[in-house]
Amino acid sequence: ASQTDAIAVGEELSVALNRTPCPTILIGGPPNSGKSVFSNALRVAIKQKHPDKRVYLHRASWDGEGNWVYEAGAPEQQLDGSQPSRRELINRLVTLNEFRIHEDPETAKLIPGYFRYHAGAVKNLRQLTDCLIVDVGGLPQIEKRPLLEQCSHYIVISRLSEAIDAWHQLCGTDLVPLAVIHSVLEPQQKILKAEPLEVIAGPWIDAENAVVPEHLLQAVASLF
């Protein structure tokens, strides 16, 4: 179906594929560190800095979130006169669309296939974009290896210093470390190390106040 006369139903559209798969940045870190907010902020910041580049964020997670969480406008007035806040509506939709398969013994067996599926999706997306960001959720599971093999670099964002090494161990043998972000709740940006980049930055609570460190954007730009 189409809502425009410019494209006819059944018309074939040509797709230009990359000769070389694009740089693909995996985003990992423990739960409640701000991965989803950071991933979206990174996507937006790259597009603003490099409007000529095709940037895509792929979420290989079952938490029910998407870019729509950060782009949704205010809800319309309800018939009874009440109007939930945007955050209340978003939280309700995220909860309805979250399937915590790792907590159910019956569905946990689907996890290896789940990440193999997303590995295939990332492989295809690398032929279509100039920069691909992949949010893999909060657990450094060995089942994510097929997905990791389709990525080229990684960023760890963590509110817990002791949780960072597990992500280095999972990613370090195959991927190039791009940055470690120590996630904090107070507004702050401080560089701890330049190569590979290690910074204290935050907060990563809402899209409006999320600021990606300039040094990280420079590191990403060097991959193009």
Side-chain angles (χ1 to χ4, degrees), residues 18-30 33-61 67 69-71 122-123 125-138 140 147-161 163-224:
N18 297 334
R19 292 188 176 183
T20 303
C22 74
T24 303
I25 305 170
L26 179 143
I27 310 295
S33 294
K35 283 186 306 299
S36 295
V37 173
F38 168 74
S39 298
N40 183 74
L42 181 61
R43 173 185 70 93
V44 172
I46 295 173
K47 291 181 68 174
Q48 289 175 343
K49 284 278 189 179
H50 308 277
D52 60 318
K53 299 298 183 182
R54 298 167 297 174
V55 183
Y56 189 81
L57 168 57
H58 180 71
R59 297 186 185 275
S61 179
N67 295 342
V69 170
Y70 310 102
E71 298 174 350
V122 168
K123 181 179 180 180
L125 287 167
R126 295 189 72 184
Q127 299 183 76
L128 298 168
T129 61
D130 297 311
C131 182
L132 181 60
I133 303 167
V134 182
D135 182 352
V136 297
L147 182 56
L148 268 63
E149 291 170 0
Q150 296 301 327
C151 299
S152 58
H153 299 74
Y154 73 98
I155 296 173
V156 180
I157 176 169
S158 177
R159 62 185 179 87
L160 304 170
S161 297
I164 295 174
D165 281 345
W167 284 95
H168 282 316
Q169 293 173 13
L170 182 67
C171 302
T173 57
D174 298 308
L175 310 184
V176 178
L178 200 59
V180 170
I181 300 174
H182 297 272
S183 177
V184 292
L185 294 176
E186 62 276 5
Q188 185 181 169
Q189 286 195 9
K190 180 180 180 181
I191 299 176
L192 301 178
K193 190 168 64 172
E195 185 83 17
L197 185 62
E198 185 172 353
V199 299
I200 299 174
W204 308 103
I205 298 175
D206 58 82
E208 289 79 8
N209 298 312
V211 179
V212 179
E214 183 63 29
H215 285 74
L216 177 55
L217 290 176
Q218 293 174 6
V220 173
S222 68
L223 304 180
F224 295 147

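Since the model is a prediction, treat every value here as computed from it, not as a measurement.
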| message | Between I191 and I200, does the side-chain contact (heavy atoms from CB on, under 4.5 Å) criterion hold? Intermediate values first, please. | response | CA-CA 6 Å; I191 299 176; I200 299 174; over 6 Å; no
Under the side-chain contact (heavy atoms from CB on, under 4.5 Å) rule, collect the residues that match up with [X], sequence neighbours excluded.
X: N18; answer: C22, R54
X: V55; answer: R43, I46, K47, K53, C131, I133
X: L223; answer: P23, I25, H153, L178
X: Q189; answer: A201, V211, P213

Can you find a heavy atom in the side chain of [X] that is under 4.5 Å from one in the side chain of [Y]?
X: S152; Y: L175; value: no
X: L197; Y: V180; value: no
X: L26; Y: L148; value: yes
X: V122; Y: T24; value: yes
X: W167; Y: L170; value: yes
X: L192; Y: V199; value: no

| Got a donor-acceptor contact below 3.5 angstrom from the S33 side chain to the P30 backbone? |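 Pair found, side chain donor or acceptor close to backbone of P30.
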| Any donor-acceptor N/O pair, S39 side chain to K35 backbone, under 3.5 Å |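 Answer holds: yes.
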Interatomic spacing from [atom1] in [X] to [atom2] in [Y] - rounded to 0.5 Å:
X: S61; Y: I27; atom1: OG; atom2: CD1; result: 13.0 Å
X: T129; Y: Y56; atom1: OG1; atom2: OH; result: 9.5 Å
X: L42; Y: I181; atom1: CG; atom2: CD1; result: 8.0 Å

| Which pairs pass ring-ring contact (aromatic ring centres under 6.0 Å, His included) with one or both residues in residues 203-224, sequence neighbours excluded? |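 Passing the test, one end in residues 203-224: F38-W204, H50-F224.
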Contacts of [X] that satisfy side-chain hydrogen bond (donor to acceptor under 3.5 Å, both in side chains) - sequence neighbours left out:
X: K123; answer: none
X: H168; answer: Y154
X: E149; answer: none

| said: Filter on side chain to side chain donor-acceptor pair (under 3.5 Å), then keep only pairs touching residues 179-188, sequence neighbours left out; what's left? | reply: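 Those involving residues 179-188 are H182-E198, E186-Q188.
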| message | Minimum heavy-atom separation for P203 and P187, please, with both atom names. | response |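 Taking P203 first and P187 second, the nearest heavy atoms are CD-CA, 3.7 Å.
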| message | Would D130 and D52 count as a side-chain contact (heavy atoms from CB on, under 4.5 Å) here? Give the steps. | response | CA-CA 9 Å; D130 297 311; D52 60 318; over 6 Å; no
| task | Using a strict 4.0 Å threshold on nitrogen-to-oxygen distance, state whether D135 and R59 make a salt bridge. | result |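 Salt bridge flag = yes for R59 with D135.
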| request: Return the set of residues passing salt bridge (Lys or Arg N to Asp or Glu O under 4.0 Å) with R159 (not counting sequence neighbours), or none when no residue passes. | output: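 If we apply the salt bridge (Lys or Arg N to Asp or Glu O under 4.0 Å) test to R159, skipping adjacent residues, there are no hits.
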| Taking only residues two or more places apart in sequence or in another chain, which ones pass salt bridge (Lys or Arg N to Asp or Glu O under 4.0 Å) with K49? |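 Per chain and number, K49 pairs via salt bridge (Lys or Arg N to Asp or Glu O under 4.0 Å) with E214.
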| query | Which residue pairs satisfy the salt bridge (charged side-chain N to carboxylate O under 4.0 Å, His left out) criterion with at least one member in residues 163-175, sequence neighbours excluded? | reply |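 Matches after skipping sequence neighbours: R145-D174.
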